[in-house]
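Scroll down for the structure; my scribbles are underneath it.
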Amino acid sequence: GAVPVIAVDGPTASGKGTLAAELAERLGYHLLDSGALYRAAALAARAAGVALDDGAGVAQVAAAMALRFQGQQVWLDGRDISDELRLETTGALASQVSVHPAVRQALHDVQLSFARVPGLVADGRDMGTVVFPGAALKVFLTASADQRAERRYKQLISKGISANIDSLRADIRARDERDMNRSAAPLKPAEDAVLLDNSQLGIEESVQRCLGWWHERR
Ligand code: C5P
């Protein structure tokens with residue numbers, strides 16, 4: 001398409017969100033946090049009393065939800081869900097609803113609508129493989145489960161939220177397992193993705209590498 005897209009995919013707590021937001025900021029592009037849509041769908045389903053294993057039911061709720069994004073704040077059907085959206089427990093619920101093809105389908109067009117001029121940075125699990133297969137740059141970000149658990153731990157503690165590193169690591173592994181092994185849009189790098197292991201890289205280094213790849217492709 002005419003709108004340039006950068007896809008940033010990878011597992012839980014790999015730093016995708018931070019990297020994508022930073023790239024969008026530097027390039028003046030729009031940002032799609034696709035995980036937030038799955039998280040919101042899970043919260044909407046729960047609020048509506050729809051079981052998370054009811055794919056058709058959750059899809060219906062997901063298609064009908066009114067979401068508003070403004071900076072770090074998110075409203076679902078007029079309710080501020082900004083804090084609830086970021087909870088680890090909400091991520092786990094999102095992972096459960098995201099296995100349903102009907103739910104993924106319901107969110108597909110919503111995601112496409114984020115691709116507007118001058119460009120988009122999209123973060124998720126299947127941005128490069130399914131939603132934006134024509135993306136000009138696809139980055140697949142990885143880091144070891146230990147590294148990711150440690151980062152998530154520090155992030156939570158710094159926000160004053162108590163956390164247990166062993167249970168975080170276990171949750172991260174369980175979520176990776178489910179995301180990689182589902183049949184609908186499993187987490188995997190696109191064939192033409194660049195792999196970036198950021199275990200030993202700071203955010204600025206990761207940003208610079210991506211900007212370098214982006215300029216090579218433009
Ligand atoms: O990235 P985030 O932790 O917000 O994603 C929450 C969950 O939503 C993931 O564990 C995954 O199951 C699901 N998801 C997805 N496809 C995306 C983004 C998120 O299946 N593009």
Side-chain angles (χ1 to χ4, degrees), residues 7-18 20-21 31-114 122-127 129-132 145 148-149 152 155-156 159 161 163-164 167-188:
V8 181
D9 290 304
T12 298
S14 56
K16 288 177 287 111
T18 312
L31 176 66
L32 166 62
D33 170 5
S34 61
L37 301 179
Y38 288 93
R39 287 167 181 261
L43 293 179
R46 205 179 49 179
V50 172
L52 300 187
D53 61 2
D54 173 5
V58 179
Q60 203 166 15
V61 170
M65 65 186 176
L67 277 180
R68 193 156 65 85
F69 293 91
Q70 198 181 309
Q72 291 299 303
Q73 268 172 301
V74 188
W75 287 265
L76 167 65
D77 299 327
R79 185 165 63 93
D80 185 344
I81 56 162
S82 317
D83 293 334
E84 209 182 348
L85 199 70
R86 303 267 61 105
L87 296 174
E88 291 298 308
T89 49
T90 305
L93 299 180
S95 171
Q96 289 176 52
V97 303
S98 73
V99 303
H100 305 301
V103 173
R104 308 199 70 85
Q105 190 55 48
L107 296 176
H108 191 83
D109 291 352
V110 183
Q111 297 176 80
L112 294 185
S113 74
F114 280 77
D123 129 36
R125 303 292 187 292
D126 62 342
M127 298 297 96
T129 50
V130 176
V131 182
F132 300 107
R148 290 184 284 131
R152 183 53 59 89
Q155 200 177 51
L156 291 170
K159 284 188 200 156
I161 301 168
N164 174 291
S167 75
L168 277 174
R169 196 183 299 109
D171 289 350
I172 282 174
R173 290 221 167 96
R175 196 124 73 87
D176 286 352
E177 193 74 12
R178 187 159 47 217
D179 291 348
M180 290 188 295
N181 294 313
R182 68 185 178 212
S183 51
L187 170 66
K188 62 156 195 259

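In this text the structure is predicted, and so the values were computed from the model without any measurement. These numbers come from the heavy atoms of this one structure, side chains and all, not from hydrogens, waters or symmetry mates. Numbers here simply count residues along the sequence, with the first being 1.
Note that OG of Ser98 is 10.0 Å distant from CG of Leu107, once rounded to the nearest 0.5 Å. Here the CG-CG distance, from Asp123 to Asp9, works out to 8.0 Å after rounding to the nearest 0.5 Å. Of the inter-residue distances, the one linking Asp171 atom CG with Arg173 atom CZ reads 11.5 Å to the nearest 0.5 angstrom. Separation of atoms OG (Ser113) and NE2 (His108) is listed at 11.0 Å; rounding is to 0.5 Å. Summarising the geometry, atom CZ belonging to Phe132 is positioned 5.5 Å from atom CG belonging to Leu112; distances are rounded to the nearest 0.5 Å.
Side chain of Asp80 to backbone of Trp75: no donor-acceptor contact under 3.5 angstrom is found. Asn181 contributes a side-chain N or O that, together with a main-chain N or O of Glu177, makes up a donor-acceptor pair within less than 3.5 Å. Side-chain N or O atoms of Arg175 include none that pairs as donor or acceptor with a backbone N or O of Arg178 at under 3.5 Å. With Asp77 contributing its side chain and Ala66 its backbone, the two residues share a donor-acceptor pair below 3.5 Å. Judged by distance alone, with hydrogens and angles left aside, the side-chain atoms of Gln105 form no donor-acceptor pair with the main-chain N or O of Pro101 at under 3.5 Å. Listed for the Asp54 side chain is a donor-acceptor partner under 3.5 Å among the backbone atoms of Gly57. The backbone N or O of Ile81 lies less than 3.5 Å from no partner atom in the side chain of Arg79, so there is not a single donor-acceptor pair.
Checked by atom type, the side-chain pair Asp179/Ser95 shows a donor-acceptor distance below 3.5 Å. Between Thr12 and Arg125, the side chains place a donor N or O and an acceptor N or O closer than 3.5 Å (distance only, hydrogens not considered). In summary, the side chains of Arg104 and Tyr38 do present a donor paired with an acceptor at a separation below 3.5 Å, with no hydrogens or angles considered.
Between Arg169 and Arg152, every side-chain heavy-atom pair lies at or beyond the 4.5 Å cut-off. The closest side-chain heavy-atom distance from Ile172 to Asp176 is below 4.5 Å. Looking only at side-chain heavy atoms (C-beta outward), Leu168 and Arg148 stay at 4.5 Å or farther from each other. Under the 4.5 Å side-chain criterion, counting only non-hydrogen atoms from C-beta, Leu32 is in contact with Leu37. Counting heavy atoms from C-beta on, the side chains of Leu76 and Met65 come closer than 4.5 Å.
The two residues Leu67 and Ala40 make their nearest non-hydrogen contact at CD2-CB, 3.7 Å. Taking all atoms of both residues into account, the shortest heavy-atom contact from Arg182 to Ala184 is NE-O, 2.9 Å. The two atoms that bring Met180 and Leu187 nearest to each other are CG-O, 3.7 Å, heavy atoms only. Taking both residues in full, the closest heavy atoms of Ala45 and Val61 are given as N-CG1, 3.7 Å, listed atom of the first, atom of the second, then distance. Closest approach of Ala62 and Ala106 over heavy atoms only: CB-CB, 4.4 Å. Gly55 approaches His100 most closely through the heavy-atom pair CA-CG, 3.5 Å.
Counting non-hydrogen atoms of other residues, nucleotides and ligands closer than 6.0 Å to CD of Gln60 gives a total of 12 or fewer.
Sorted by first and then second residue, the pairs that involve residues 31-48 and meet salt bridge (Lys or Arg N to Asp or Glu O under 4.0 Å), not counting sequence neighbours, are Asp33-Arg86, Arg46-Glu84.
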